[in-house]
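Note that ligands are numbered from 1 as they come in the structure, with each ligand's atoms numbered from 1 the same way.
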Amino acid sequence: MIKQAIIPLAGLGTRLLPLTSVFAKELLPINGKPGIEYILDECIEAGIKEVVFIISQKKKMIKDYFYKDSFYKNLIKKKKDSRINKEYKKILRYKKMIKFVYQNKPLGTGDAVLKTQKLIKNNFFLMLLPDDLIIKQNCSKSMIQVHNRYKSSVMASLKVNKKDVSRWGIYKLGKKINKKNYLINDVVEKPSINRAPSNKAVIGRYILPKKIFTKLLNQKPGKGGEIHITDAIQSLIKDENKFIAHNFSGKYLDCGSMHGYINSNLEIFKS
Ligand code: UTP
């Protein structure tokens, strides 16, 4: 049963500077709704009951967004505004399911994941990267279905341009299970064009096993001096743990760059 999700939010967001020098990118509105709420709605619809946010002191405004009770209560007392009431109820619903842990130094996604170790209860959990929005189809929900069927780890997969492979984690795929799912033989973090085993990239939705924490505890920094989650996954695959790449049906939107962020607004407005 996948009932818990984790969301790393402690990165610096340098691609969205200067905005991110004062603002958490995950609260930026995408067609009028903060990006993080799309991610939370995806979790709720996929049956997730608890979400762990990995934030930092610099990104405390993300926690503040969900902890404005007295502000809302005073406002609602003064103004009988049904919209404010509705927004507060929505925030309360989110707040109830969120726990916070801190990663004050952005040492990499793997280090961020490690901060959640004490809170993870079951053998598998979901991880969502908030820069990656997937619309039109609930990617987490279909990945949970794949997990339930094959009892394995699952990662979202997308075909990207060969010339862009160095921006992504790239799969070496093995046996085809069916039209949408393949076994993963290897995954390489940001390879050069020559070294890329394919042009199938890891997108920010993962169903990971709890045993990844043991790998992360002993992991040395990789590319760029960061502790990457991809390196821990690569090591688990080498130990014969089953990982499936899932070709999701929804539309992928990259909100982590300015161009991608603007495009996401347009795409969601059109949809
Ligand atoms: P990225 O490295 O892709 O994004 O991290 P970033 O750091 O937020 O932004 P740029 O690249 O500087 O523009 C992917 C996800 O992992 C989180 C980020 O917040 C993002 O959601 N992350 C990254 C952490 O939580 N901790 C880290 O040490 C690194």
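Protein heavy atom in closest approach to atom 19 (O) of ligand 1: Gly11 N, 2.8 Å. In terms of protein heavy-atom proximity, atom 15 (C) of ligand 1 is nearest to Leu129 CD2, 4.0 Å. Closest protein heavy atom to atom 3 (O) of ligand 1: Arg15 NH2, 3.6 Å. Among protein heavy atoms, atom 21 (O) of ligand 1 sits closest to Pro8 O, 2.8 Å.
The side-chain contact (heavy atoms from CB on, under 4.5 Å) test applied to Asn181 returns Val146, Ile177, Asn178, Ile244, His246, not counting sequence neighbours.
Counting the atoms of ligand 1 from 1 in the order shown, those under 4.0 Å from a heavy atom of Leu107 are 28 (O). Which parts of ligand 1 touch Thr14 is read off a 4.0 Å heavy-atom cut-off, strictly below it: atoms 9 (O), 10 (P), 12 (O), 13 (O). In summary, the atoms of ligand 1 found under 4.0 Å from a heavy atom of Gln103, numbered by their order in the structure, are 24 (C), 25 (O), 26 (N), 27 (C), 28 (O). Close approach of ligand 1 to Pro130 (heavy-atom distance below 4.0 Å) involves ligand atoms 21 (O). Of all the atoms in ligand 1, the ones that sit under 4.0 Å from a non-hydrogen atom of Lys25 are 4 (O), 6 (P), 8 (O), 9 (O).
Neither the backbone nor the side chain of Glu226 comes within contact range of ligand 1; no heavy atom lies under 4.0 Å.
Of the options Ile7, Leu12, Val113, Ile55, the smallest heavy-atom separation from atom 7 (O) of ligand 1 is shown by Leu12.
The shortest N or O to N or O distance between Ala112 and ligand 1 is not below 3.5 Å. Close N/O approach between Lys105 and ligand 1 is not found [any backbone or side-chain N/O within under 3.5 Å]. Considering backbone and side-chain N/O of Gly108, one or more are found under 3.5 Å from N/O of ligand 1. Considering backbone and side-chain N/O atoms, Ala10 comes within less than 3.5 Å of an N/O atom of ligand 1. An N or O contact shorter than 3.5 Å links Gly13 to ligand 1 by distance.
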Phe243 and Tyr182: ring pair (Phe, Tyr, Trp, His ring centres under 6.0 Å), yes or no, with the steps? CA-CA 9 Å; Phe243 274 73; Tyr182 288 78; over 10 Å; no
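Checked for salt-bridge contact, Asp64 and Lys68 miss the test: no charged N lies under 4.0 Å from a carboxylate O. A salt bridge links Lys25 to Asp131: at least one charged side-chain nitrogen sits closer than 4.0 Å to a carboxylate oxygen. Ion pairing between a basic and an acidic side chain is recognised when a charged N comes within 4.0 Å of a carboxylate O; Asp111 and Lys105 show no such pairing. Lys95 and Asp69 are joined by a salt bridge, as a carboxylate oxygen and a charged side-chain nitrogen come within less than 4.0 angstrom of each other.
For the pair Lys33 and Tyr38, the distance from NZ or CZ to the six-membered ring centre is under 6.0 Å and the angle to the ring normal is within 45 degrees.
Taking the six-membered ring for Trp and thresholds of 30 and 60 degrees, Phe66 and Tyr94 have ring planes more than 60 degrees apart, a perpendicular arrangement.
Distances shorter than 4.0 angstrom occur between a heavy atom of Thr109 and an atom of ligand 1. Between Asp111 and ligand 1 there is no heavy-atom distance shorter than 4.0 Å.
Counting only N and O atoms by type, the side chains of Gln103 and Ser56 include no donor and acceptor under 3.5 Å apart.
Residue Met61 places its CE atom among more than 12 non-hydrogen atoms of other residues, nucleotides or ligands, all under 6.0 Å distant.
The salt bridge (charged side-chain N to carboxylate O under 4.0 Å, His left out) analysis of residues 261-271, with sequence neighbours excluded, yields the pairs Glu267-Lys270.
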